[in-house]
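Step one of this worksheet: look at the structure below.
Start at 1 with the first residue, then count along the sequence.
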Amino acid sequence: MAITVGALRETAAGERRVAITPEMAKKMRGRGWRVLLERDAGTAAGFPDALYADTEFASAAEVCAQADVLACVLPPADGAIAGLREGAVLVGQLRPYGAAARIAAMSARKLAAYALELLPRTTRAQAMDVLSSQAAVAGYRAMLIAAESAPKFFPMLTTAAGTIRPSRVLVIGAGVAGLQAIATARRLGAQTEGYDVRPETREQVESLGAKFLDLGVSAAGSGGYARELSAEERAAQQQALADHLKNVDVIVSTAAVPGRPAPKILSAAMVAGMKPGALIVDLAAESGGNCELTRPGERVEHGGVSILGPLNLPAGAPLHASEMYARNVFNFVELLIKDDAVAPDDADELVAKSCVTRGGTARFTG
């Protein structure tokens, strides 16, 4: 029998993406796989059922009962996990950090569960890298939110009423999200700077036409992430940054450390020193925020400065976010299926390092 690959309608609050798009459903069928979706699984992302030619639809319970591989954007509800048959494969952003109960539930069902956010950041993994694809969406949307929310124009404008100076925009963190935010700010005409504690990012920031802000502190780490700063390094960084922020109009902060609370980079004292009307968009709000005044999902006003803590920004551009995400999922699932059978290869580091549970055993300890 053909391998059945399924996907459900996402149930997390505000989530509009889908793990299998019509394009990827067609590719899966081309591999000889059966595609089974919950009805209206892609509707919120802009993919009504009618766009899925030759794809089967069923209830959520039926999809779970029949799927050999279930693809998801965010972790399925407890009922869906319980409804999967023993030995099924679950692939997606499973948010394994601090999720002992969910991991135990997956182990109890003897699922082979793969958290794509655990993939090593290698060249081979790029086609499956959901963190990068979704961070690009988040960085783009964060800067659009900043441009909409700021009390100033981003570009310089010459008008009959005089010349308007461009906004000064600082992006903190030059990972995928930060670089996309920088590129977007440049397209919008802002005077743009990028800052990161990893000195190797200078070239990337400058290649986008932005200025690299050098505060004299380096925190180059492994795996493409920054290491945590020492107390002395953090103090030096914060003093230099506080002095610089006095003339900045907009900050978009994107710094994050996987599995840990976001580093606190912007203190209340720094915010108090910023000019009235300044704006902070904290992309790290979901993991606690880079600003100590950030409240996830809320807008905070502090001394004339606005701090926004938007959540799940990729879900706000669900069509393109889903297209990229579904390609990542398809490329990973191809690693798991050999000769028309689900056969994960633990010798493959991409498979092994993303594995959370298999055969009733939890393989991720956080």
Side-chain angles (χ1 to χ4, degrees), residues 1-11 17-43 45 47-77 79-94 106-116 119 124-125 127-128 130 322-348 350-352 354-360:
M1 294 178 63
I3 294 294
T4 298
V5 181
L8 303 176
R9 185 170 62 248
E10 296 292 318
T11 56
R17 290 170 291 175
V18 66
I20 298 178
T21 59
E23 176 192 12
M24 291 301 106
K26 181 178 179 180
K27 277 199 168 187
M28 290 176 177
R29 292 193 306 275
R31 296 291 190 273
W33 308 343
R34 175 191 179 214
V35 180
L36 179 64
L37 303 182
E38 180 183 2
R39 297 180 187 91
D40 294 322
T43 299
F47 304 111
D49 292 352
L51 293 182
Y52 290 89
D54 301 322
T55 296
E56 297 179 52
F57 293 89
S59 68
E62 291 171 322
V63 173
C64 290
Q66 298 180 45
D68 297 300
V69 178
L70 185 72
C72 62
V73 177
L74 296 180
I81 291 175
L84 287 167
R85 59 181 184 75
E86 288 193 358
V89 174
L90 180 62
V91 175
Q93 295 178 117
L94 302 184
M106 293 188 294
S107 294
R109 294 300 297 164
K110 297 183 179 180
L111 302 181
Y114 296 91
L116 297 183
L119 280 168
R124 181 167 164 254
M128 312 160 201
V130 296
S322 295
E323 287 183 342
M324 292 190 288
Y325 185 86
R327 289 172 194 148
N328 295 148
V329 167
F330 173 80
N331 290 329
F332 183 81
V333 171
E334 279 199 305
L335 298 180
L336 307 179
I337 299 177
K338 306 293 182 184
D339 299 324
D340 297 324
V342 177
D345 180 6
D346 284 341
D348 186 329
L350 302 188
V351 174
S354 61
C355 186
V356 176
T357 67
R358 188 174 177 191

Considering all heavy atoms, the nearest A41-D49 contact: N-OD1, 4.2 Å
Salt-bridge criterion met for R17 and E10 (N-O under 4.0 Å): no
Reported CG-to-CZ distance for the pair D348 and R124, which is rounded to 0.5 angstrom: 4.0 Å
Under-4.0 Å salt bridge between D345 and K338: no
Spatial distance of atom CG (D40) from atom CZ (F57) [nearest 0.5 Å]: 8.5 Å
Minimum-distance pair of heavy atoms, taken over all atoms of L350 and L119: O-CD2, 3.5 Å
Reference residue V63; test side-chain contact (heavy atoms from CB on, under 4.5 Å); the match among L70, T4, L84: L70
Any donor-acceptor pair under 3.5 Å from Y114 side chain to L94 backbone: no
Atom pair CD1/CE of I20 and M28 - distance to nearest 0.5 Å: 4.0 Å
Approximate separation, where rounding is to 0.5 Å, of R34 CZ and I3 CD1: 11.5 Å
Approximate separation, where rounding is to 0.5 Å, of L336 CG and S354 OG: 7.5 Å
Approximate separation, where rounding is to 0.5 Å, of R9 CZ and E38 CD: 4.0 Å
For the student: nearest non-hydrogen atoms of A58 and L36, plus distance: CB-CD1, 3.9 Å
Stepwise side-chain contact (heavy atoms from CB on, under 4.5 Å) check, W33 with V69: CA-CA 10 Å; W33 308 343; V69 178; over 6 Å; no
Non-neighbouring partners of N331 that pass side-chain contact (heavy atoms from CB on, under 4.5 Å), sequence neighbours left out: A127, M128, E334
Sidechain-backbone polar pair: Q93 side chain, L74 backbone, donor-acceptor under 3.5 Å: no
R327 side-chain N/O to E23 backbone N/O, donor-acceptor pair under 3.5 Å: no
Nearest atoms (heavy-atom pairs only) where V73 meets A19: CG2-N, 3.7 Å
T11 to A77 - nearest heavy-atom pair and separation: OG1-CB, 4.2 Å
Test side-chain contact (heavy atoms from CB on, under 4.5 Å) applied to P22 - qualifying residues, sequence neighbours left out: F47, L51, Y52
Minimum heavy-atom distance between A80 and C64, given as atom pair plus value: O-SG, 3.7 Å
Candidates K27, R31, K26 - the one meeting side-chain contact (heavy atoms from CB on, under 4.5 Å) with R29: K26
